[in-house]
**Q** 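Submitted below is the structure of interest, expressed as structure tokens.
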Amino acid sequence: MKTVSLNLRAAVVSLLLFVCFVGAWQLGTSGPSVGGSSAGMTAEEIEYAKMMGKDPGAEKSSGFPPPIEVARASWAHLSDPFYDKGPNDKGIGIQLAHSLARVGLGFVLAMAVALPLGFAIGMSPLMQKAFNPFVQVLKPISPLAWMPLALYTLKDSDVSGIFVIFICSVWPMLINTAFGVASVKREWLNVASTLEVNPLRKAFQVILPAAAPTILTGMRISMGIAWLVIVAAEMLVGGTGVGYFVWNEWNNLSLTNVIFAVLLIGVVGMLLDLMFAQLQKAVTYVE
């Protein structure tokens with residue numbers, strides 16, 4: 001009952017904070033309008049602007065777009081998210097799908113490397129000392145610093161983006177897996193040895209369940225970093241993806257679409273984090 005009450009009060013406070021934020025945003029962007037953009041333009045320039053799909057005579061806000069404009073743009077994007085009108089004009093659903101596919105593939109590749117290697121490091125003090133210098137040197141390197149090398153060697157922007165996701169996801173998973181395996185209680189391992197449990201069964205039935213909460217923590221951190229990095233990587237390599245959408249809309253001077261994309265990135269990141277939080281909660285045990 002207390003938990004329900006706390007969640008309800010937290011929801012009310014969150015709603016109030018949201019209303020205050022939107023109200024402050026509206027007040028901050030409700031300045032005077034300026035005249036239409038056709039002022040000072042020649043007839044040829046006005047005609048050219050119309051050919052490019054712009055309306056020179058439209059009223060324009062003099063500052064940051066207000067919430068209502070962002071809401072309209074959001075509805076326009078979400079009402080038809082999968083349209084495809086060419087290389088530089090794709091729906092936000094298509095852009096989001098490309099970003100999630102890159103993140104998912106890079107993340108799975110990182111799991112395939114980090115989990116078994118983390119097990120090996122966590123179970124062997126020798127491996128811990130041998131791999132520690134490499135981990136400590138490579139872990140602090142910004143994932144985007146690998147992008148030029150990836151583009152030069154792999155010759156493909158999509159593959160390079162996946163590689164960057166892989167390289168930024170592997171370290172938190174590797175470190176947390178090794179730590180979780182090394183932290184398994186000696187008593188449990190001794191009982192398994194006393195019962196003459198074979199190494200494979202001990203790994204899957206004793207060590208993995210005990211280390212699972214720590215491993216999921218590393219995977220949760222890795223996913224958060226991967227979602228941060230893919231947006232920046234797509235800004236560099238272009239083509240498709242949410243990051244490219246943000247950069248393309250900025251080049252088009254459409255702050256409304258940029259804000260929509262930023263909000264979408266935040267919402268998707270929150271949903272990904274909640275998914276891993278639920279998985280972490282499912283494998284957490286009470287001693």
Side-chain angles (χ1 to χ4, degrees), residues 92-122 131 134-135 138-151 153-154 156-181 203-204 207-209 211-246 261-262 264-284:
I92 194 63
I94 296 176
Q95 308 284 18
L96 185 60
H98 278 89
S99 295
L100 289 173
R102 292 186 184 109
V103 169
L105 184 53
F107 189 82
V108 169
L109 292 174
M111 284 177 58
V113 172
L115 297 187
L117 186 57
F119 257 83
I121 293 173
F131 273 91
F134 297 98
V135 173
L138 296 174
K139 176 170 63 85
I141 299 174
S142 169
L144 294 181
W146 294 98
M147 181 61 78
L149 296 176
L151 288 171
T153 55
L154 301 175
D156 186 280
S157 59
D158 278 337
V159 178
S160 298
I162 292 168
F163 171 77
V164 169
I165 295 303
F166 164 81
I167 206 70
C168 77
S169 300
V170 73
W171 305 118
M173 273 192 277
L174 177 65
I175 293 169
N176 278 55
T177 301
F179 177 76
V181 170
F204 280 97
I207 297 175
L208 181 59
T214 307
I215 295 173
L216 261 296
T217 299
M219 294 173 68
R220 185 178 178 183
I221 295 170
S222 291
M223 179 54 72
I225 296 173
W227 187 242
L228 285 172
V229 169
I230 191 60
V231 175
E234 288 171 345
M235 287 183 179
L236 292 177
V237 300
T240 54
V242 178
Y244 173 71
F245 178 84
V246 172
V262 168
L264 180 66
I265 291 167
V267 170
V268 173
M270 180 188 70
L271 293 176
L272 291 173
D273 186 73
L274 287 175
M275 179 182 70
F276 278 93
Q278 291 301 313
L279 290 174
Q280 187 180 0
K281 185 177 179 181
V283 300
T284 300

**Q** Hey, mind stepping through Asp156 and Leu151 against side chain to side chain contact (heavy atoms under 4.5 Å, CB included) and telling me if it holds?
**A** CA-CA 6 Å; Asp156 186 280; Leu151 288 171; over 6 Å; no
**Q** To the nearest 0.5 Å, tell me how far Ile167 CD1 sits from Leu109 CG.
**A**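 Spacing of CD1 (Ile167) from CG (Leu109) equals 11.5 Å.
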**Q** Could you give the distance from CG (Leu117) to CE (Met173), rounded to the nearest 0.5 Å?
**A**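 One finds 12.0 Å between CG of Leu117 and CE of Met173.
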**Q** Please report the closest heavy-atom contact between Pro116 and Met111, naming both atoms and the distance.
**A**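 Looking at all heavy atoms of both residues, the shortest contact is CD-O, 3.7 Å.
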**Q** Does a side-chain heavy-atom distance below 4.5 Å link Leu208 with Phe119?
**A**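 The answer is yes, as the side chains (C-beta and beyond) meet within the 4.5 Å cut-off.
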**Q** Less than 4.5 Å apart, any side-chain heavy atom of Val246 and any of Ile265?
**A**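 A side-chain contact exists here, since the closest heavy-atom pair is under 4.5 Å.
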**Q** Can you tell me how far the CG atom of Leu216 sits from the NZ atom of Lys281, to the nearest 0.5 Å?
**A**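 The NZ atom of Lys281 is 14.0 Å from CG of Leu216, to the nearest 0.5 Å.
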**Q** Any sub-3.5 Å donor-acceptor pair from Thr214's side-chain atoms to Gly180's backbone N or O?
**A**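 Checking the backbone N and O of Gly180 against the side chain of Thr214, no donor-acceptor pair under 3.5 Å is found.
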**Q** Nearest heavy-atom pair of Gly122 and Val181: which atoms, and what distance?
**A**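 Residues Gly122 and Val181, closest heavy atoms: C-CG1, 3.8 Å.
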**Q** Between Asn176 and Met219, is a side chain to side chain contact (heavy atoms under 4.5 Å, CB included) present by the stated rule, with each step listed?
**A** CA-CA 8 Å; Asn176 278 55; Met219 294 173 68; over 6 Å; no
**Q** Please report the closest heavy-atom contact between Pro140 and Val135, naming both atoms and the distance.
**A**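 Smallest interatomic distance, heavy atoms only, reads CD-O, 4.4 Å.
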**Q** Are side-chain heavy atoms of Ile175 and Ile121 found at a separation under 4.5 Å?
**A**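 Of all side-chain heavy-atom pairs linking Ile121 with Ile175, none is under 4.5 Å.
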**Q** Does CZ in Phe276 sit with more than 12 non-hydrogen atoms of other residues, nucleotides or ligands closer than 6.0 Å?
**A**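 Yes, because the 6.0 Å sphere around CZ of Phe276 holds more than 12 heavy atoms from other groups.
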**Q** Give the intermediate values and the outcome of side chain to side chain contact (heavy atoms under 4.5 Å, CB included) for residues Leu138 and Trp146.
**A** CA-CA 11 Å; Leu138 296 174; Trp146 294 98; 4.2 Å; yes
**Q** Quick one: pull up CD1 in Ile165 and CZ in Phe107 and give me the separation to the nearest 0.5 Å.
**A**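 It comes to 10.5 Å.
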**Q** With no hydrogens and no angle check, just 3.5 Å: does a side-chain donor-acceptor pair link Thr240 and Gln95?
**A**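 Looking only at side-chain atoms, Gln95 and Thr240 do not form any donor-acceptor pair under 3.5 Å.
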**Q** Looking only at heavy atoms, what is the nearest atom pair of Met235 and Gly243, with distance?
**A**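 Closest approach of Met235 to Gly243: CG-O, 3.3 Å.
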**Q** Run the side chain to side chain contact (heavy atoms under 4.5 Å, CB included) test on Met223 and Ser169 for me, step by step, so that the C-alpha distance in whole Å, both residues' side-chain angles and the decisive distance to 0.1 Å come before the verdict.
**A** CA-CA 7 Å; Met223 179 54 72; Ser169 300; over 6 Å; no
**Q** Measure the CD-OG distance between Glu234 and Ser99 for me, rounded to the nearest 0.5 Å.
**A**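 Here the interatomic distance stands at 3.0 Å.
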**Q** With no hydrogens and no angle check, is any side-chain donor or acceptor of Trp227 less than 3.5 Å from a backbone partner on Gly266?
**A**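 Looks like no, no N/O pair under 3.5 Å.
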**Q** Got Pro172 and Ile225 here, is their nearest side-chain heavy-atom distance under 4.5 Å?
**A**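 With C-beta onward as the side chain, the pair touches.
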**Q** Which value, rounded to the nearest 0.5 Å, describes the distance between Phe245 atom CZ and Ile92 atom CD1?
**A**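 The CD1 atom of Ile92 is 4.5 Å from CZ of Phe245, to the nearest 0.5 Å.
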**Q** For Leu115, does its backbone N or O pair with a side-chain atom of Thr177 as donor and acceptor, under 3.5 Å?
**A**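 No, Thr177 side chain to Leu115 backbone: no donor-acceptor pair under 3.5 Å.
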